[in-house]
Amino acid sequence: MLKIKKGDTVRVIAGKDKDKEGKVIAIDAKKSRVTVEGINVVKKHTKPTMANQAGGIVEQEAPIHISNVMYVHKGKATRVGFKMDGDRKVRFAKSTGEVID
């Protein structure tokens with residue numbers, strides 16, 4: 001089970017976009033990669049299609065490894081852990097001990 005979920009706000013802790021924040025828009029659990037809004041933007045050359053008549057160069061977010069992002073809780077990057085809350089397993093912020101979801 002991954003500690004980051006779609007819709008979480010994360011901060012990049014390594015790479016060319018270090019210290020930038022964004023929202024997770026996609027997760028690839030098998031490859032341990034996340035796609036973050038506005039992070040790791042690359043230019044992709046596309047052929048003209050029915051959907052995109054012009055084609056040309058398109059900018060889009062590329063996935064980055066999950067180890068290069070940290071969950072942001074109340075404006076600060078924190079590690080995430082799991083604990084049992086009654087009979088359900090919940091995520092919690094290690095810095096404050098508060099339950100995330």
Side-chain angles (χ1 to χ4, degrees):
M1 183 176 237
L2 296 175
K3 296 180 179 182
I4 305 284
K5 291 184 178 179
K6 185 177 175 180
D8 285 349
T9 302
V10 294
R11 181 175 295 149
V12 179
I13 58 170
K16 67 175 187 176
D17 292 317
K18 186 175 178 175
D19 295 329
K20 288 185 183 175
E21 287 185 18
K23 199 170 117 183
V24 175
I25 51 178
I27 291 186
D28 184 355
K30 282 189 176 176
K31 293 182 182 175
S32 297
R33 294 189 165 270
V34 291
T35 306
V36 184
E37 205 174 310
I39 305 295
N40 197 24
V41 177
V42 295
K43 291 184 180 196
K44 183 176 179 180
H45 297 256
T46 58
K47 285 186 172 181
T49 59
M50 294 303 285
N52 181 13
Q53 296 283 332
I57 302 168
V58 179
E59 286 193 346
Q60 67 182 35
E61 294 97 352
I64 59 175
H65 199 268
I66 202 161
S67 67
N68 294 331
V69 297
M70 271 183 104
Y71 182 81
V72 174
H73 182 67
K74 296 186 178 175
K76 294 177 89 176
T78 180
R79 292 182 298 155
V80 176
F82 290 101
K83 66 180 177 183
M84 294 304 289
D85 184 27
D87 60 341
R88 49 190 282 261
K89 187 177 178 183
V90 294
R91 294 186 303 164
F92 73 99
K94 293 242 180 154
S95 60
T96 61
E98 290 180 40
V99 173
I100 295 168
D101 52 6

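The structure presented is a predicted model; accordingly, all values stated were derived computationally and were not measured.
Val24 and Met70 fall into different hydrophobic clusters, where Ile, Leu, Val, Met, Phe, Trp and Tyr residues are linked whenever their side-chain heavy atoms come under 4.5 Å apart, directly or through other members. Hydrophobic cluster membership differs between Val36 and Val72, with clusters built from Ile, Leu, Val, Met, Phe, Trp and Tyr side chains linked at under 4.5 angstrom.
Here the side chain of Thr46 pairs a donor or acceptor atom with the backbone of Gly56 at under 3.5 angstrom. No side-chain donor-acceptor contact under 3.5 Å links Arg33 to the backbone of Ala26. Counting only distance, with no hydrogens or angles, the side chain of Ser95 and the backbone of Thr78 share no donor-acceptor pair below 3.5 Å.
Residue pairs that meet the salt bridge (Lys or Arg N to Asp or Glu O under 4.0 Å) test with at least one member in residues 52-77, sequence neighbours left out, are Lys43-Glu59, Lys74-Glu98.
For the atom pair CD1 (Ile57) and NZ (Lys44), the distance works out to 13.0 Å, reported to the nearest 0.5 Å. The CD atom of Glu37 sits 6.0 Å away from atom CD1 of Ile25, with the distance rounded to the nearest 0.5 Å. Atom NZ of residue Lys3 and atom CG of residue Asp8 lie 13.0 Å apart, to the nearest 0.5 angstrom. In this structure, Lys5 NZ and Tyr71 OH are separated by 10.0 Å, a value rounded to the nearest 0.5 Å. Going from atom NZ of Lys31 over to atom CD1 of Ile66 covers 14.5 Å, rounded to the nearest 0.5 Å. Of the inter-residue distances, the one linking Leu2 atom CG with Arg91 atom CZ reads 10.0 Å to the nearest 0.5 angstrom.
Between Lys23 and Gly7, the closest heavy-atom pair is CG-O, 3.6 Å. Listed here is the closest heavy atom pair of Lys83 and Val99: CE-CG2, 4.0 Å. Considering all non-hydrogen atoms of both residues, Val69 and Ile13 come closest at N-CG1, 4.1 Å. When all heavy atoms of Lys20 and Ile39 are compared, the pair lying nearest together is CB-CD1, 3.4 Å. In plain terms, the two heavy atoms of Asp17 and Val12 that are nearest each other are O-CB, 3.4 Å. The two residues Pro48 and Ala54 come nearest to each other via the heavy atoms CG-O, 3.9 Å.
Shown here are the side-chain hydrogen bond (donor to acceptor under 3.5 Å, both in side chains) partners of Asn68, two or more places apart in sequence or in another chain: there are none.
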Discussion item. Is there a side-chain contact (heavy atoms from CB on, under 4.5 Å) between Val80 and Ile100? Walk through the geometry before answering.
Written reply: CA-CA 9 Å; Val80 176; Ile100 295 168; 4.2 Å; yes
